[in-house]
2 protein chains.
Amino acid sequence: MTLTLDDLASMSGVSRATISRVLNGGSVAPRTRARVEAVLAETGYSPNRAARSLASGRSGVVGVVMHLEPSLLFVDPYFSGLLQGMSDVLAERATGMMLWLGNRSKQETLTDIQRMGLVDGLIVTAHWLDDPLVDGLLASPIPTVLIGHRREDHTASYVDVDNVEAARSVVQHLVDTGRTRIAHISGIPGSVAGEDRLVGYRVGMADAGLPTEGLVVTGDFNAPSGADAVPRLLERGVDAIFCANDATASGALEALQAAGVTVPDDVALVGFDDLDFASRLDPPLTTIRQQVPTQGAEAARALLNLLDTPDGGPRRVLLPTELVIRQSTIGASDR
Amino acid sequence: MTLTLDDLASMSGVSRATISRVLNGGSVAPRTRARVEAVLAETGYSPNRAARSLASGRSGVVGVVMHLEPSLLFVDPYFSGLLQGMSDVLAERATGMMLWLGNRSKQETLTDIQRMGLVDGLIVTAHWLDDPLVDGLLASPIPTVLIGHRREDHTASYVDVDNVEAARSVVQHLVDTGRTRIAHISGIPGSVAGEDRLVGYRVGMADAGLPTEGLVVTGDFNAPSGADAVPRLLERGVDAIFCANDATASGALEALQAAGVTVPDDVALVGFDDLDFASRLDPPLTTIRQQVPTQGAEAARALLNLLDTPDGGPRRVLLPTELVIRQSTIGASDR
DNA sequence: TTGTATGCGTTATCAA
DNA sequence: TTGATAACGCATACAA
């Protein structure tokens, strides 16, 4: 039952090459094409991937490298959102997707992918500014699109959200609602998101002519680091805290309330990510919403693009975000 | 720099065929093998996958199909646990893994996989007793291992946890601690886990000579369905509630406490899954722990096994579970 | 527009 | 134990 081009050729009275042209969109006379397509439909033929790869040098499969704790893959909606977006786009082009998770050493992952030799290109999550795995992948000849970016690298293709602009818009919102002592509990130093959001914060503060001395505390994207930072910030006198993500904000919120501070009356609070729980906090959290599936989709598109026209130079996409204003910054009384 | 067997052949002074034998474990004279392996190591040669697939008919890649509700994708550590277990085992055999998620129609997924034609076998999550996608996959010639099982099918290979025995052991624990009016808030009818756990409940009750009339309420694996069931069960007089999963139990717990019922003094409560939050409820929840990564690993092993010896008949693995006893059934006073 | 012929890099079947 | 050599199924340059 496994048909070959030769079978189809004899069935439709044309040569093998013509069938191939019909399949790959070559130029074929309309009548001939119709006849061949009829046979194609009738037989339900589907080409042998291996033979096609061998002859063409392309596999029709792209790799996705997510070097993270596998336990986070489905727990953190971020990664499943990315996968969702990617697979939608790739499916349109009948392109397969292979997934590498980060449960092995980086070097192993790298050689694995190269030895495997069955991907035409890669999409790689790059959440750390400095990551040997990513450096290795970029150095290899495999066309690669990053999700996140490399600060110093202007040759790599990437898709990222505009963390800087998002953070700046948070600060502006706080300034617009009358806050002046605006603190930032940062993400992990060395992480793309952490550093960019910090930069955006500084830009926003500078734009407003506000000081930042003593108002930045280093966090780690987790709730406890948010809670820890609160006492120090209260000592210094703040009327707003912008946290590097929602988890940090939830920890900060708990600590603020434990200290008898009212949000937002005494201190406004902002997160980043708009995870599910953000709207269910009390008060609901003002935060930044990212279109995560869109990020995955754009990365897939960028890669397909790169594969189609290898000489076109790097693709760089910076996606906008959305400020979601809730009661943690404006309260009921401001309305 | 892309080496072929011919290159290696001339470099090591043997024929192409001999190199291939060295690579694939054929019989080669020790001295010859040593010489070839030296060249292999020196050059860092790695075979062309497409050519290998074409000649051998095998791809060295297995597919993983997780056709689940997108909403579950975001909350359930179950799937990442499975992936983790699988990828560990597959990595040992240098076998690649392709992932299909459930964001497209079942029929599309099915034809996709077949047309793609580059997997040697499949691992498929089968959480519904009746699922056209799974039926289609089983009907196809691709060797397939299910996670979960088909009630009527005795030819399919599968890995599942022993839900029936687990549920029976829950009932026995409740009976052993003096409960007699034991209710069950079930999972979704038609789901493998829901139905098997219900069967185990009935078996346990029958073993203990206890009646079940009016004590089973249909739930849907979510917290609200647990909360909804509680008033009805309290009316009928119960001293224990076994919920089909932890989420249902958390809903039930809230409703019980809202009704002024003390857990476990008045009513004992049991869940299933031992998710993170189960131990953090008040009181901590007695539940069933599954070794999810083990399930994934066993599924991968079963599939590799099936690929190695296709005539060996179906592989069936039923994994044991562990009853985790906490204060929601024994309380502090029972100690 | 179509057909012919060759090559892609392995594996596997024969002989030697 | 080893070496020729024929598949494997398709894409593609070239010729017609």
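Here is how names work: the chains are called A, B, and so on, in the same order as the sequence lines, proteins then strands, and each is numbered from 1. These numbers were taken from a predicted model, which means no experiment stands behind them.
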With side-chain contact (heavy atoms from CB on, under 4.5 Å) as the test, would you mind laying out the steps for B:Met86 and B:Val62 before giving the verdict?
CA-CA 10 Å; B:Met86 290 175 202; B:Val62 304; over 6 Å; no
Check A:Thr32, A:Val14, A:Val36, A:Leu8 against A:Val22 for a side-chain contact (heavy atoms from CB on, under 4.5 Å) and give me the one that passes.
A:Val36
Donor-acceptor contact present, side-chain A:Arg93 to main-chain A:Ala91, <3.5 Å:
no
Report yes if at least one side-chain N or O of A:Ser27 is closer than 4.0 Å to OP1 or OP2 of C:dT1; otherwise report no.
yes
Using the side-chain contact (heavy atoms from CB on, under 4.5 Å) definition, which of the options A:Thr125, A:Leu138, A:Asp131 pairs with A:Leu146?
A:Leu138
Hey, what do you get for CZ (A:Arg35) to CD1 (A:Ile19), rounding to the nearest 0.5 Å?
9.0 Å
Taking the six-membered ring for Trp, are B:Phe79 and B:His127 parallel (under 30°), tilted (30 to 60°) or perpendicular (over 60°)?
perpendicular
Could you give the angle between the helix axes at the two ends of the helix from C:dT1-D:dA16 to C:dA16-D:dT1, with five pairs per end, rounded to 10 degrees?
30°
Can you list every pair that meets salt bridge (Lys or Arg N to Asp or Glu O under 4.0 Å) and has a residue in residues 12-27 of chain B, with sequence neighbours left out?
B:Asp6-B:Arg16
Please identify each residue that fulfils salt bridge (Lys or Arg N to Asp or Glu O under 4.0 Å) with A:Glu42, with sequence neighbours left out.
none
Does the protein touch nucleotides 8-16 of chain D at the base, only the backbone, or not at all? Give it as B, S and - per nucleotide, heavy atoms under 4.0 Å.
BBBBBB---
Could you list the residues that satisfy salt bridge (Lys or Arg N to Asp or Glu O under 4.0 Å) with B:Asp135, not counting sequence neighbours?
B:Arg150
OG-CG distance between A:Ser59 and A:Leu54, expressed to the nearest 0.5 angstrom:
12.5 Å
Check whether any side-chain nitrogen or oxygen of A:Thr18 sits under 4.0 Å from OP1 or OP2 of C:dT2, and answer yes or no.
no
Tell me which residues in residues 29-38 of chain A lie within less than 4.0 Å of DNA chain C, going by non-hydrogen atoms.
A:Ala29, A:Thr32
